[in-house]
**Q** 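Have a look at this one before I ask anything.
Because only heavy atoms are used, hydrogens play no part in the values below, and waters and symmetry mates are left out as well, while side chains stay in. Atoms within a ligand are numbered from 1 in the order they appear, just like the ligands themselves.
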Amino acid sequence: MDFLQAREVQVGIAVAVVVVAATAAYLYSSKKSKGCIDPESFKQFKLVKRTQLSHNVAKFRFELPTPTSVLGLPIGQHISCRGKDSQGEEVIKPYTPTTLDTDVGYFELVIKMYPQGRMSHHFREMREGDYMAVKGPKGRFKYQPGQVRAFGMIAGGSGITPMFQVARAILENPKDKTQVHLVYANVTYDDILLKEELDGLISNYPGRFHVYYVLNQEYRSHLRNGRWCRFRIERNDPSPLPCTRIRYQGTIQTLFSTPRNSFTVQVIQTHFQKTDRKVDVKLLISNMQILRCGPPPMNKAMAGHLDALGYSSEMQFQF
Ligand SMILES: Cc1cc2nc3c(=O)[nH]c(=O)nc-3n(C[C@H](O)[C@H](O)[C@H](O)COP(=O)(O)OP(=O)(O)OC[C@H]3O[C@@H](n4cnc5c(N)ncnc54)[C@H](O)[C@@H]3O)c2cc1C
């Protein structure tokens, strides 16, 4: 009898030791790994919801390992997604989730799928229940609340996603008083990504988030010289700046690439250097950081315009 009791005590102690060790290991690992991604190796995430937003844009929601897991992506950084193109060749591309670590249990990507795009093909073929290989975090952008007085953002097309992420992080932090000025260029109204979400931020954070949508709406004119484009800045900001309509022969990329383009300079000046008070422009822009993300010709042209307006290269960051 004594022998059996001693045996039971021994087994009990062994079980307790295993439970304590397992709990400690779990707590240690969950404390150590703040996120679910690894910069060195790809991890698989299950697509749980796919929402078509327009003919070529969809929102993809991926599940994290537990309902309380966070992705662990620093603000303004991105992930690498791996897939297969239409020829079955491996392709890896960067993407910025539109979710933050305050969104627990999942992350979301808003993807614009181009007809000839290699990774676009992979996303087009993805169905709920499929897995995506993801690696990260990646990127050089670092953000500390209050590090600058204001951000000036210039985005083209799908280049909006890193801007949206940074803007959300700033605006949703009640201790962060940074101003955010965004110029967002697209070909048509229907091409504007995250329009509802951006407008939601404008109305939720009045006076802190200022957006100018720049549109290039193409139409066939009856004029002999063929195709014209109409550019419009859609006013979405209670500033005294009037809406601007200009006509321009070319595409949105050439508009932004044209040297000495008064339209671009005007947009940057009026939108980024806007203030209620009479302040020296140099002083106004001295504590500002400019973020750029768009097609390469647009990025290049913007860098030139910004340089000319006094925004040094140290003040500019390209995603
Ligand atoms: C930091 C960062 C974050 C990004 N985040 C996102 C994101 O959240 N969502 C998203 O949709 N994209 C994002 N992108 C863009 C993304 O990485 C790919 O470049 C995009 O998905 C196209 O890849 P693809 O392989 O399908 O096209 P590719 O095979 O590279 O291109 C094939 C063809 O597609 C068309 N095409 C490709 N890119 C563009 C473009 N930008 N404008 C016009 N036509 C184009 C062109 O006709 C091109 O010849 C991000 C890029 C960066 C650098």
**Q** Do the charged groups of E128 and R50 touch, with an N to O distance under 4.0 Å?
**A** no
**Q** Answer yes if the side chains of N204 and E172 hold a donor-acceptor pair under 3.5 Å, and no otherwise.
**A** no
**Q** Could you check, using the six-membered ring where one of them is a Trp, whether F141 and F317 have ring centers closer than 6.0 angstrom?
**A** yes
**Q** Are any of the heavy atoms in P162 under 4.0 Å away from ligand 1?
**A** no
**Q** Taking only heavy atoms of Y95, which atoms of ligand 1 are found under 4.0 Å from at least one of them?
**A** 4 (C), 5 (N), 6 (C), 7 (C), 9 (N), 10 (C), 12 (N), 13 (C), 16 (C), 18 (C), 20 (C), 21 (O)
**Q** What I want to check is whether the side chains of Q316 and R292 have a donor and an acceptor closer together than 3.5 Å.
**A** yes
**Q** Do any nitrogen or oxygen atoms of V110 lie less than 3.5 angstrom from nitrogen or oxygen atoms of ligand 1?
**A** yes
**Q** Between G159, P115, P296, S158, flag the one that comes closest to atom 12 (N) of ligand 1 by a heavy atom.
**A** S158
**Q** Any heavy atom of L109 sitting closer than 4.0 Å to ligand 1?
**A** no
**Q** Heavy atoms only, cut-off 4.0 Å: how does T96 contact ligand 1, side chain, backbone, both, or neither?
**A** both
**Q** Would you indicate which of K93, M119, R118, H78 comes nearest to atom 30 (O) of ligand 1 when only heavy atoms are counted?
**A** K93
**Q** Against heavy atoms of K112, which atoms of ligand 1 measure under 4.0 Å?
**A** 11 (O)
**Q** When you check the side-chain N and O atoms of Q116 and H121, is any donor under 3.5 Å from an acceptor?
**A** no
**Q** Does a salt bridge link D191 with K112, judged by any charged N lying under 4.0 Å from a carboxylate O?
**A** yes
**Q** Run the ring-centre check on Y131 versus F62 and record whether the distance is less than 6.0 Å.
**A** no
**Q** Examine P295 against ligand 1 and note whether any of their N/O atoms are separated by less than 3.5 Å.
**A** no
